[in-house]
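In this chain, numbering begins with 1 at the start of the sequence shown. Start at 1 and go down the list; that is how both ligands and their atoms are numbered.
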Amino acid sequence: MRNPFSKLILIWAVVLCLPCTLMFPAPPDEGMYPLSEILKLDLKSAGLKIPITDIYNPSGTSLVDALVRLGGCTGSFVSGNGLILTNHHCTFDFVRQASTVEKNYLADGFYAASREEEIPAQGLTCMITESYKDVSEEILQAASAASVPAERVTLIQKKIRELTKSEEKSNPGIKAEVSEMFTGKTYILFRYKILKDVRLVFVPPRSVGDFGGENDNWVWPRHTGDFTFVRAYVGPDGKPAEYSKNNIPFIPKRFLKVNPNGVDENDFVFVLGYPGRTFRHFPAKYMEFQEKYQLPYVSKLFESFISLYEELGKNNPELALKYSSRIKTLANTEKNYRGKILGLQRLELVKQKQAEEAELQQFILADQIRTAAYKDLLHDIDEAYMEQCALGRTSFFVSSIRARIYASRLATQLIEYKSEMCKPENDRKSAYSAKNRALLFEGYAEDLKEADCYVDGLLLKRIISEAVTLPELSNFEPLSQFRNKTEEQLTSEINSLLNHSIVFDSAKFMSAVKDSSNLSWQVDPLISFMMKLDTAYKPIEKRYETINGKLNVLLPKYLDVKHDFKQKSFVPDANSTLRLTYGYVRGYTPVDATYYKPITTLAGVMEKGVAGGVYTVSPKLRALYDKKDFGRFRHKKLNDVPVDILYNMDTTGGNSGSPVLNAWGEMIGLNFDRAFEATINDFAWSESYSRSIGADIRYILFVTQKLGGADKLLNELGVE
Ligand code: ASP
């Protein structure tokens with residue numbers, strides 16, 4: 001018999017749950033949605049109050065037109081005069097370069113009260129997405145001509161070069177980039193406008209912009225004012241141009257409106273930006289490779305580099321300033337990787353993925369057609385990754401030497417330059433084309449400034465002394481001269497490579513690059529060593545090409561069958577292209593018996609400030625707090641200035657500097673980090689632990705006005 005009360009119970013259940021759902025909207029989905037997906041999203045029911053076409057409108061202007069890719073970060077236009085808001089940590093190295101021990105803008109902050117005082121951030125470029133087109137068909141067509149797996153990768157790269165070159169030729173002033181959305185499946189050509197003249201406008205002191213330093217990096221609760229204002233300039237004709245005094249501020253198609261009233265807990269928010277790289281669509285074996293090899297190798301290496309740099313700068317302010325950004329960058333990755341290792345262990349991600357794959361295999365075998373198409377798929381993927389694991393530490397060793405030490409990096413660049421110059425112009429990598437050569441030389445000049453015989457020797461010794469202990473490298477010929485050596489012998493072997501190298505002399509190095517009759521590089525011991533390394537590594541590179549060629553065919557199939565199995569479509573992993581993610585301002589429970597609220601305040605800055613050191617609070621900020629001089633930035637309920645906010649969105653590195661927008665598309669925060677537990681979300685996202693961190697717009701404006709005295713900037717933002 002039907003229970004007469006069941007209907008009543010149901011009605012009550014609905015009535016009781018209604019306020020809950022209104023108060024606590026459903027969690028967002030995992031996903032960094034590319035431009036092609038934005039218009040398909042139902043953000044209205046998630047809480048958006050403006051038409052979706054206000055966010056993205058390919059046939060008009062929209063919020064995405066205010067977004068820029070700034071170096072490896074994101075930024076957004078916040079005024080009609082090219083003013084951009086981004087993170088302090090994104091401009092850190094440019095501020096360091098502009099600083100001296102006496103005039104230390106990192107320590108004291110910087111404000112250009114007039115345009116003339118703005119400082120060029122040399123080398124910082126600003127990319128604006130103009131449009132995009134799907135080129136998958138052309139690329140896959142070219143790849144299909146491959147007779148062996150390794151050739152597939154070469155053919156894809158060749159086609160990409162052809163497409164970007166022809167696009168740039170028919171659209172002068174545009175930079176074309178092809179991004180792989182799904183491996184071996186989807187390729188999109190993006191057209192970017194590049195602004196090369198970017199200048200520092202307002203930088204808070206490090207005690208605000210980097211408050212908490214490495215202790216607080218990747219941590220919530222957070223109290224960092226991680227923001228900087230820069231301005232983009234163009235030539236007097238409005239076209240992108242190199243730095244010149246005569247340049248004028250760039251007028252963006254669209255800029256974001258800043259809302260000084262901020263947000264509250266549970267408010268709907270979304271982020272637009274350029275997330276760098278995620279690996280969610282990768283199988284169990286890839287995760288195992290990360291857990292066992294890549295993450296521990298890199299974090300250990302970086303840890304030792306950091307202590308070396310710290311030691312060098314200990315009693316030397318000039319070196320401390322010089323190495324400050326290197327330490328910061330290394331420490332950022334090192335801690336992130338530590339978080340990832342912990343996350344992999346906590347979630348038992350490898351096991352989880354293995355279980356998922358076992359289910360997938362059963363699903364495949366349950367159907368004849370699927371069996372015919374995919375029976376060996378998972379086995380073949382495993383095999384490819386197993387081979388990658390075996391090569392892993394050899395490739396980390398080689399790439400660390402090539403990329404992490406300025407001296408050997410310059411040697412590698414010179415070797416590559418010479419080899420590219422032997423090819424006809426049309427076959428050269430785009431960085432080596434005549435049109436990009438000035439940029440290439442600028443890069444060399446930057447590295448030449450940084451190379452240091454003594455320091456590079458120490459770093460090289462650190463890498464080599466570990467490499468000679470690795471069984472995988474026991475037959476690697478270039479290392480033979482360093483085996484079975486005492487500490488002193490090893491030091492002297494390394495010194496003999498470096499001591500007279502041209503990489504420590506800009507004039508000699510550039511002459512060797514530019515003058516084809518100058519053959520000094522061929523007898524340079526360091527360059528010869530790097531050439532030997534290249535030769536020994538060639539066969540391994542070939543094996544990588546074969547593995548990648550195989551994966552290029554296997555991974556799309558993996559995605560297809562996973563799609564059938566899960567009955568849902570996937571969003572592509574992040575790849576530095578423009579994305580949207582959405583969610584809510586929300587706290588979380590990272591460990592048993594805790595709950596973290598999602599908004600921090602100035603009171604928390606004062607609390608941490610007691611410790612000093614990386615928690616130094618300037619007397620001026622303390623006085624503002626003591627007088628409760630919060631201006632219009634006081635949060636009424638909290639009776640304090642909100643400092644940072646936490647939200648359950650899907651972000652990663654590269655989202656640094658992304659605007660956090662409210663339901664009306666107004667800027668209420670600036671994304672800059674994630675919680676420690678969320679570092680694993682590059683491999684697996686979950687609403688329960690994935691939390692991103694932003695600076696509250698009220699704190700940004702409060703610091704700019706009350707601490708920095710930059711009322712003029714607030715006027716430019718339209719904030720009274
Ligand atoms: N702070 C981060 C970074 O350095 C941003 C993130 O990964 O969430 O890239």
Can you sort out which atoms of ligand 1 are near Thr652, meaning under 4.0 Å from one of its heavy atoms?
-> 6 (C), 7 (O), 8 (O)

Measure the distances from the heavy atoms of Asn655 to every atom of ligand 1 and state whether one is below 4.0 angstrom.
-> no

Parallel, tilted or perpendicular: which describes the rings of Phe282 and Tyr286, with under 30° parallel and over 60° perpendicular?
-> tilted

Can you say whether the rings of Phe633 and Phe702 are parallel (under 30°), tilted (30 to 60°) or perpendicular (over 60°)?
-> perpendicular

With Val230, which of Leu200, Leu83, Leu85, Ile119 fulfils side chain to side chain contact (heavy atoms under 4.5 Å, CB included)?
-> Leu200

Just checking, Arg69 and Tyr192: is the charged tip under 6.0 Å from the six-membered ring centre and within 45° of the axis?
-> yes

Trp218 N/O under 3.5 Å from ligand 1 N/O | no

Ring-ring centroid check Tyr584 Tyr647, cutoff 6.0 Å = no

Taking only residues two or more places apart in sequence, or in another chain, which ones meet Cys90 in a disulfide bond (SG atoms under 2.5 Å apart)?
-> Cys73

Among protein heavy atoms, which lies nearest atom 3 (C) of ligand 1, and at what distance?
-> Ser656 OG, 3.5 Å

Hey, is ligand 1 close enough to Asn336 that some N/O pair sits below 3.5 Å?
-> no

For Asn266 and Arg586, does a side-chain donor sit closer than 3.5 Å to a side-chain acceptor?
-> yes

Atoms of ligand 1 less than 4.0 Å from Gly653 heavy atoms?
-> 6 (C), 7 (O), 9 (O)

Looking only at distances, please establish whether an N/O atom of ligand 1 is found under 3.5 Å from an N/O atom of Arg674.
-> yes

Against heavy atoms of Phe672, which atoms of ligand 1 measure under 4.0 Å?
-> 1 (N), 2 (C), 5 (C)

When you look for heavy atoms under 4.0 Å from ligand 1, do you find them on the side chain of Asn332, its backbone, both, or neither?
-> side chain

